[in-house]
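For reference, the structure is listed below as structure tokens.
In listed order, ligands and their atoms are each counted from 1.
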Amino acid sequence: MEKNNIILIGFMGVGKGTVARAIFKEFGRISIDTDDIIESNTKQKIKDIFEEFGEEYFRDLEKQCALWLEKSITNTIISTGGGFYKQENLKKIGKIVYLKSSFDAILHKIYSSKDSKKKLKKRPLLQNTIQAQVLFNSRIQQYEQVADMIIDVEDKLDIDIAKEIFTNLQGKS
Ligand code: S3P
């Protein structure tokens, strides 16, 4: 049976969490976040998990989280970490919505936000801009390939993105 979750994927800082909150405000659909689930289960911050155990270990935690989502979660908006789209069972969890933006627009969004320092500090893979750009370039095609729906989010309000997602989903069902 296909599940009615909506999975938001996309690069770090594109706004998956804020769009999930806008969906709750507009449509009353509850959201959860894969990084939050991992942090709450391990009682550790993502950046500390990376530092202490390395990226591979973190990816394994994401895998466990993906299996749990498939088994246990319905009718929910799931915002994900930027690398979560690689999970093999993603399609079994729900409809995959890719929030698309250019790298420059993402950086601009992060640097112009009032808590930009915090946003940068918590993301180990965003510490070096050049390396982050390389990572972005290596992922853009894969995000598009795995997505059921692509939403261009550049220069749009979160509430309008939320409405666009729901309008498109209704058109698809
Ligand atoms: C990652 C993105 C982060 C977090 C981790 C790894 C990635 O989540 O899961 O630092 O590989 O892109 P956000 O996309 O919420 O920043």
Rounded to the nearest 0.5 Å, the CG atom of L90 sits from the OH atom of Y85 at a distance of 11.0 Å

Would you call K47 a ligand 1 contact, heavy-atom distance under 4.0 Å?
no

Has F84 got any heavy atom lying under 4.0 angstrom from an atom of ligand 1?
no

In the protein, what heavy atom is nearest to atom 4 (C) of ligand 1, and what distance, to one decimal place, separates them?
D35 OD2, 3.1 Å

Going by the order shown, which atoms of ligand 1 are within less than 4.0 Å of some heavy atom of P124?
10 (O)

A student checking ligand 1 against G83 at a 4.0 Å heavy-atom cut-off should list atoms 7 (C), 11 (O), 12 (O)

I need the atoms of ligand 1 closer than 4.0 Å to a non-hydrogen atom of L125, numbered in the order shown.
7 (C), 11 (O)

In this structure, does ligand 1 have an atom that sits under 4.0 Å from one of the heavy atoms of E55?
no

E62 and T34: side-chain donor and acceptor closer than 3.5 Å?
no

Those atoms of ligand 1 less than 4.0 Å from some heavy atom in I46
5 (C), 10 (O)

Does the side chain of I9 come within less than 4.5 Å of V97's, by heavy atoms?
no

Below 30° counts as parallel, above 60° as perpendicular, anything between as tilted: where do the rings of F166 and F27 land?
parallel

Is the shortest distance from a Lys or Arg side-chain nitrogen in K16 or D33 to a carboxylate oxygen in the other one below 4.0 Å?
no

Tell me: protein heavy atom nearest atom 2 (C) of ligand 1, and distance?
G82 N, 3.2 Å

Give yes if a backbone or side-chain nitrogen or oxygen of F11 is under 3.5 Å from a nitrogen or oxygen of ligand 1, and no if not.
no

Is the contact between R139 and ligand 1 made by the side chain, the backbone, both, or neither, using heavy atoms and a 4.0 Å cut-off?
side chain

Atoms in ligand 1 flagged as close to R123, the criterion being non-hydrogen separation under 4.0 Å
13 (P), 15 (O), 16 (O)

Could you go through the salt bridge (charged side-chain N to carboxylate O under 4.0 Å, His left out) check for E70 and K3 one step at a time?
CA-CA 8 Å; E70 180 189 341; K3 310 239 274 170; over 6 Å; no

What atoms of ligand 1 come closer than 4.0 angstrom to any heavy atom of K16?
13 (P), 14 (O), 15 (O)

Could you see which bit of D33 sits under 4.0 Å from ligand 1, with heavy atoms only: side chain, backbone, both or neither?
neither

I'd like to know if the side chain of T42 reaches the main chain of Q44, judged simply by a donor and an acceptor atom lying under 3.5 Å from each other, with no hydrogens or angles considered.
yes

According to the interplanar angle, ranging from 0 to 90°, do the rings of F50 and F58 count as parallel (below 30°), tilted (30 to 60°) or perpendicular (above 60°)?
tilted

Using a strict threshold of under 4.0 Å (side-chain N to carboxylate O), is an ion pair present between K156 and D160?
no

Does any part of the side chain of M12, heavy atoms only, come nearer than 4.5 Å to the side chain of L135, both counted from C-beta?
yes

Does the N or O separation between K122 and ligand 1 drop below 3.5 Å for any pair?
no

What part of R59 sits under 4.0 Å from ligand 1 if we count only heavy atoms: the side chain, the backbone, both or neither?
side chain

